[in-house]
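Beneath this line is the structure, given in structure tokens, with notes to follow.
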Amino acid sequence: MTSASRAALPSRAEQQPGAARRVGRRLAGAAGALAVALVSACSPAGTTGAAETSGSPSTTATPTSTLGTPAPQGPPGARPRKGEVRPIGRTGPLPPVISSIPTKRKVVFLTIDDGWEQDPGFVRQVRDQRIPITAFAMRDAVEAKGTPDESGGPARYVGAGKWGYFRQLRDAGVPVENHTLTHPNLRLLGYDAQRREICGSAQLVKKELGTRPTLFRPPFGNYNTDTLKAAKSCGVSSILLWTATVQPGGKIAYQVPDKKLRPGDILLLHFRPNLARDFRILVAKIKRRGYELGNLQAYLDAATPR
């Protein structure tokens, strides 16, 4: 065969285009892996190299879990099924007073008051485990004015982050609601004084956290008609009480004779010492009893249609 004839014949790669493409892809992949390794080696610790980011620099990637599936989005907690929640009756134009959610589903709701003991471990639990909880902030506790609640032991984190701590809770999906400025017994105050406590707290929460509260918890659970009128004038849609309290050690103190959780219960905690430990015990106990943790606002919306 002449040299000209051999030149006219296709090469082995041309005879097998699929194989050539596979070889090309392997070479490209090896080059890409080398580029990523080089960038990663040059990146400071704790940072992500540019080679690990796809798309334009302004594109924000969807959060993913460790398994590669999209991370949960939206407020945490069980949400009501269609027709599950019975409506809460109203007795006029004033906000309803609510101690529990009318449902037969095994779901309970966690709430926490004041703001004295600002334990960072509590924020981590709420954020990382997506635990639904509603906070009722009281100014003097958040800003550490006065005597802290040490019923759970010696305080360690009193006012540690002040409103910055509640911004962390907000960013973890916790609604921050109204619990007055100074925690007075509202039954002992006239309308104007009650309104100063409630509206002043609402304005402060709005200033510090960006959202005006719509729920109000009266200190000690004490209220009267003036309280309801003042709360309404301050933008409150519902007054929240509770059916059980959580004591140090994660123990539940029931307000019913059979001493057990019931569907729709609202539990009251406080920002006390050892909060992270007690909260972990409490959540495990509730789940062992077969209960879900509910999204309070979603259930209130279902129970109090506007």
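The basis for the numbers below is simple: all heavy atoms, side chains too, and nothing from hydrogens, waters or symmetry mates. Please read all numbers here as calculations on a predicted model, not as lab measurements.
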pair Asp226-Leu186: side-chain heavy atoms closer than 4.5 Å: no

Atom pair CG/OG1 of Asn222 and Thr227 - distance to nearest 0.5 Å: 8.5 Å

N/O donor-acceptor pair under 3.5 Å between Arg139 side chain and Thr180 backbone: no

Side-chain H-bond candidate by donor/acceptor type, Thr182 with Glu197, under 3.5 Å: yes

Phe166 and Phe271 aromatic ring geometry - parallel, tilted or perpendicular at 30°/60° bounds: tilted

Trace of the side-chain hydrogen bond (donor to acceptor under 3.5 Å, both in side chains) decision for Tyr299 with Glu84: CA-CA 9 Å; Tyr299 271 81; Glu84 173 196 336; 2.8 Å; yes

Value rounded to 0.5 Å, distance of CD1 in Ile281 from CD1 in Ile252: 11.5 Å

Geometric cation-pi criterion, Lys259 with Tyr254: 6.0 Å, 45°: no

Non-hydrogen side-chain atoms of Ile239 and Phe216 separated by less than 4.5 Å: yes

N/O donor-acceptor pair under 3.5 Å between Thr111 side chain and Leu267 backbone: yes

pair Ser238-Pro96: side-chain heavy atoms closer than 4.5 Å: yes

Approximate separation, where rounding is to 0.5 Å, of Glu292 CD and Arg105 CZ: 4.0 Å

Main-chain N/O of Arg262 paired to Asp265 side chain as donor or acceptor, under 3.5 Å: yes

Straight-line distance of Gln118 CD to Leu169 CG, nearest 0.5 Å: 8.5 Å

Closest contact, heavy atoms only, Cys199 versus Ser233: SG-OG, 4.3 Å

